[in-house]
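Presented below is the structure to which this report refers.
Count residues from 1 along the sequence. Both ligands and their constituent atoms are indexed starting at 1 by order of listing.
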Amino acid sequence: MYPDQVTQHSMIDLAGFKQLLSTPQRVVITTHHKPDADALGSSLGWASLLKKLGHVVNVIVPSDYPSFLKWMEGEADVLQFDAVSKNALAKALIADATMICCLDFSALNRINEMAAIVRASSAVKVMVDHHLEPESFADYMYWDTKAAATCELIFDLIHDLGYENLIDKGMAECLYAGIMTDTGSFRHPSTTAKVHKVIAQLIDLGADNHRVHKLIYDTSTEDRLRLLGYVLSQKMVVLPEYATAYIVLTADELKQYHSQTGDTEGFVNYALGIEGVRLAAIIVDRTEAIKISFRSTGSFSVNDFARAHFEGGGHRNAAGGKSNDTLSNTVKHFIDLLPQYQDELIKPV
Ligand code: 5GP
Ligand code: MN
């Protein structure tokens, strides 16, 4: 049912990589700014595997992450690079690492100030990712843009290395969470029969799927749901002539609803859920920068759009970007771009 070796992913030298893992390594695993379930789940699942193989492993993330991820096994030991009290330790661990694994990102600017230190390190670099147009900084790449999630790739990599028997309940739930969220709960086109087979195996290996769904989706604060209500009734703008809907949130509005990291995750999908809408965006004033999430349906590439205009990227139908301009200028820039994409946006899928 499941292939003996998942050869469709590009892995540079699987045998060499396995050989490397046969001697104890000091491993740092890192993932992108504001880790989501796929980023943190893949990092923690991979960390557990490497620990079982006898390596010393630290997961270091560039920033904080949503509290709905704080149940994941191993999460309590995650080091946050931008936390003042942890920064020196994190730097020392990276400097001392013999292997650095970069998971769920492939553009070094996504790890902020950690990028220069990682780039300069002489450690063996490993990248496991499914984003488009990766930078080439890794010695070992396990990369496939068709993969639904980095957690799926981690499962496949563990399988290819022959260590599937080491996957326990905690790891299975981390990997389940990443696949669940990156596929939009198994609804995006990336949800292949093979994804369901991986999911079935994770459940067989102990993942309590109902528990993971509840922990991620049904633990909102009252404020978050009221913010969603406000956004949908007051802040969503629909431009039928461009098959576009967008939401803008100011820093004051976030404050008014006591918004926490992760609170606006998923909001953009409501805008994409309007019939006829092919491009959706949420533009949020995060104070340190304006952060934008893009979603699309069909052939319109938000990866290209975010790359060309908002220093970002991602996947064809889900991408992000940022702007260091003011919120109002960023919104104006976004709206001013639409006419040049009008034909592409309004043509039928
Ligand atoms: P989200 O909108 O949920 O933050 O991100 C959507 C997708 O785009 C995710 O796969 C995420 O990793 C990617 N992404 C988000 N922001 C950026 C960015 O600034 N640069 C790049 N290269 N990818 C991003
Ligand atoms: Mn991902």
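- Residues that satisfy the side chain to side chain contact (heavy atoms under 4.5 Å, CB included) test with Leu20, not counting sequence neighbours, are Phe17, Gln25, Met99, Val124, Tyr140.
- Seen from the ring of Phe267, Lys235 does not count as a face-on cation partner, given the 6.0 Å and 45° thresholds.
- Residues meeting the side chain to side chain donor-acceptor pair (under 3.5 Å) test with Glu75, sequence neighbours left out: Tyr65.
- If you look at Tyr176 and His213, their ring centroids are closer than 6.0 Å.
- Partner Phe294 forms a ring pair (Phe, Tyr, Trp, His ring centres under 6.0 Å) with one of Tyr246, Tyr341, Phe300, Phe305 and no other, that one being Phe305.
- Aromatic rings of Phe310 and His333 (six-membered ring for Trp) have centroids within the 6.0 Å cut-off, being under it.
- Per-residue contacts place His315 under 4.0 angstrom from the following atoms of ligand 1 (heavy atoms of the residue considered): 10 (O).
- Annotation: Lys291 places an N or O atom under 3.5 Å from an N or O atom of ligand 1; distance criterion only.
- Atoms of ligand 1 found under 4.0 Å from any heavy atom of Arg110 (numbered from 1 in listed order, with element): 11 (C), 12 (O), 13 (C), 14 (N), 15 (C), 16 (N), 17 (C), 18 (C), 20 (N), 21 (C), 22 (N), 23 (N), 24 (C).
- Residue, atom and distance of the protein heavy atom nearest to atom 7 (C) of ligand 1 are Ala318 O, 3.5 Å.
- Residue contact check for ligand 1: Arg295 places a non-hydrogen atom closer than 4.0 Å to it.
- At the top of the distance list for atom 2 (O) of ligand 1, counting protein heavy atoms only, stands Ser293 OG, 2.6 Å.
- Scanning all protein heavy atoms for the shortest distance to atom 9 (C) of ligand 1 gives His131 NE2, 3.7 Å.
- Applying the ring-ring contact (aromatic ring centres under 6.0 Å, His included) test to His32 and every residue at least two apart in sequence or in another chain returns nothing.
- Here CZ of Arg286 is found 9.5 Å from NZ of Lys291. Values are rounded to the nearest 0.5 Å.
- With a 4.0 Å heavy-atom cut-off, ligand 1 is reached by no atom of Lys322.
- Using modelled atom types, one finds a donor on one side chain and an acceptor on the other under 3.5 Å when comparing Thr261 with Asp64.
- Within the 4.5 Å cutoff, the side chain of Trp71 has heavy atoms near those of the Ile216 side chain.
- Screening Glu133, Arg316, His315 for a side chain to side chain donor-acceptor pair (under 3.5 Å) with Asn303, the sole residue that qualifies is Glu133.
- Neighbours of the Mn ion (ligand 2) restricted to protein N, O or S atoms under 2.8 Å: the count is 4.
- Within the 4.0 Å heavy-atom cutoff, His33 does not count among the residues contacting ligand 1.
- Ligand 1 has an N or O atom lying under 3.5 Å from an N or O atom of Gly313, backbone or side chain.
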